[in-house]
Undergrad: 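Handing you a structure now.
Any value given below was found using the heavy atoms of this structure, including those in side chains, with hydrogens, waters and symmetry copies removed.
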Amino acid sequence: MFTITHRWQQARSGQLHTDHGLVPTPAFMPIATRGSLKHLANSDLTTIGNDIILANTYHLFLRPGIKVLKQVGGLHQFMHWTKPILTDSGGYQVFSLARLRLVSPDGVRFNSHIDGHEFFFTPELAMDIQAAIGSDIRMCFDYFPGYPANRAQVEESVRLTTNWAERCRAVHSVETSRERSLLFGIVQGSTWPDLRARSASELRAIGFDGYAIGGLAVGEPPEIMYHVLDATVPLLPAEQPRYLMGVGQPEQILQAVKRGIDMFDCVLPTRNARHGQVYVHTASQLVEQNLSLVHYTKLSLDNLSYQTDSQPLDPLCDCSTCTSGYSRAYLRYLFSVHEPLAARLATVHNVSFYIQLLRDIRINLALY
RNA sequence: GGGCAGAUGGCGGAGCGGUCAAUCGCACUUGGCUGUAAACCAAGCGACCUUUGGUCUUCGGGGGUUCGAAUCCCUCUCUGCCCA
């Protein structure tokens, strides 16, 4: 169930209800692909105030596998995480592991990126795996051909995605008698407004608990992405959650919220943290308190300029990294000597930055 | 005192007459990461020139052979190992 509590022009804030609790929206979901948010313990996420994480069907299927997931009672039990989990379907891996797969109408033949083992991934299998994981929000197995793609490829992408969405819907309807999980459809169509419209229309006809927009933030200029959102969001049900998959940079999230998006996920805060790049508020923001997180920049901690910089990463941040007295100089040093603590401290900060950003957006919807 | 081996760019370490401003690794500098095959990848890393490119100074010091030397010869200095 999804309830909208506030609206401001196209933007809205609300609550997504799941068996593992409420998710205030707009929401950002940090990525725990393999059932672990890299470098963080659950207690870190609790401290940060994170409400929901994303895990990946494809990766958890390879290891630990369906059998183990069932035996240990699902991913919540396994990783001892009590809040909601959304699972991506593996559709993104069809794209990112393109060299290791072959797409057909029935499904996708994959070779494991781990040991080369071949298997056949279908919408039904994707749903079985997500059931074994026990995720609160499950995604349909979709297909998109990358960017740029020609019209024929994108039409094929929409056709397969709709067909597979029907099959996912069928499996999900049968198996969710006891547990209540939500199933989201994924709109494809790349940059063609009419194909986006066709995809949205076909998915609405099937009926889902929420609608995701996929196939964006895959190399196209941000302006193109905003245009696609302008054309696509109005075609989605007004009272149901909308999820922009894989986005993105903080300003892209702001732009998408303005256009009516409720949910986000992205590897950037976690991956960038591991790579020594941290998001911080800029000085101008100190002056314009009201505008809060609109003003930010990214620091490359390996830059020589931080060698003796005694400031915290972000004086305006209340995360444990920034309030514990760790300096930019120390973080830079830890990265330079490859101490694991560097990635941990930076990840705590970046995830906090995103969670704070979304919290501020929810509180001050009109300001953004 | 004698014998042998060796000295190459910040470090390690290739090269052993021309295609060498010198493979490679590390370090260093700067970029990039968008539903995570990513604690990763890329570029740069003697000086100067606006460039595809060009010029200049380099391979312990000095001298020599050669059209041409980091590569061959002589010598000096230093280092390591062995014998006294």
Undergrad: Please work out if A:Q307 contacts a base, only the sugar-phosphate, or nothing of the nucleic acid, heavy-atom cut-off 4.0 Å.
TA: nothing
Undergrad: Please identify the 5'-most and 3'-most nucleotides of RNA chain B with any atom under 4.0 angstrom from a heavy atom of chain A.
TA: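 The protein-touched segment is B:A27 to B:C40.
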Undergrad: What's A:D88 touching, base or sugar-phosphate or nothing? Going by heavy atoms closer than 4.0 Å.
TA: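 Here A:D88 touches the bases of the nucleic acid.
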Undergrad: Which is true for A:I186 with a 4.0 Å heavy-atom rule: it touches a base, it touches only sugar-phosphate, or it touches nothing?
TA: base
Undergrad: Of all the heavy-atom pairs spanning A:P250 and A:Y354, show the shortest one and how long it is.
TA: CD-OH, 3.3 Å
Undergrad: Side chains of A:F61 and A:F121, heavy atoms from C-beta outward: is any pair under 4.5 Å?
TA: yes
Undergrad: Would you classify A:L100 as touching base, sugar-phosphate or nothing, given that sugar-phosphate means primed atoms plus P, OP1 and OP2, and contacts are heavy atoms under 4.0 Å?
TA: base
Undergrad: Going by atom types alone, do A:D142 and A:Q188 pair a side-chain donor with an acceptor below 3.5 Å?
TA: yes
Undergrad: Would you please say whether a donor-acceptor pair under 3.5 Å links the side chains of A:Y243 and A:D265?
TA: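 Yes.
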Undergrad: For A:Q93, which contact category applies under a 4.0 Å heavy-atom criterion: base, sugar-phosphate, or nothing?
TA: sugar-phosphate
Undergrad: Name the nucleic acid region contacted by A:T270, choosing base, sugar-phosphate or nothing; use a 4.0 angstrom heavy-atom cut-off, strictly under.
TA: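 Base contact - A:T270 has a heavy atom under 4.0 Å of at least one base atom.
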Undergrad: Taking any heavy-atom pair under 4.0 Å as a contact, classify A:G215: base, sugar-phosphate, or nothing.
TA: base
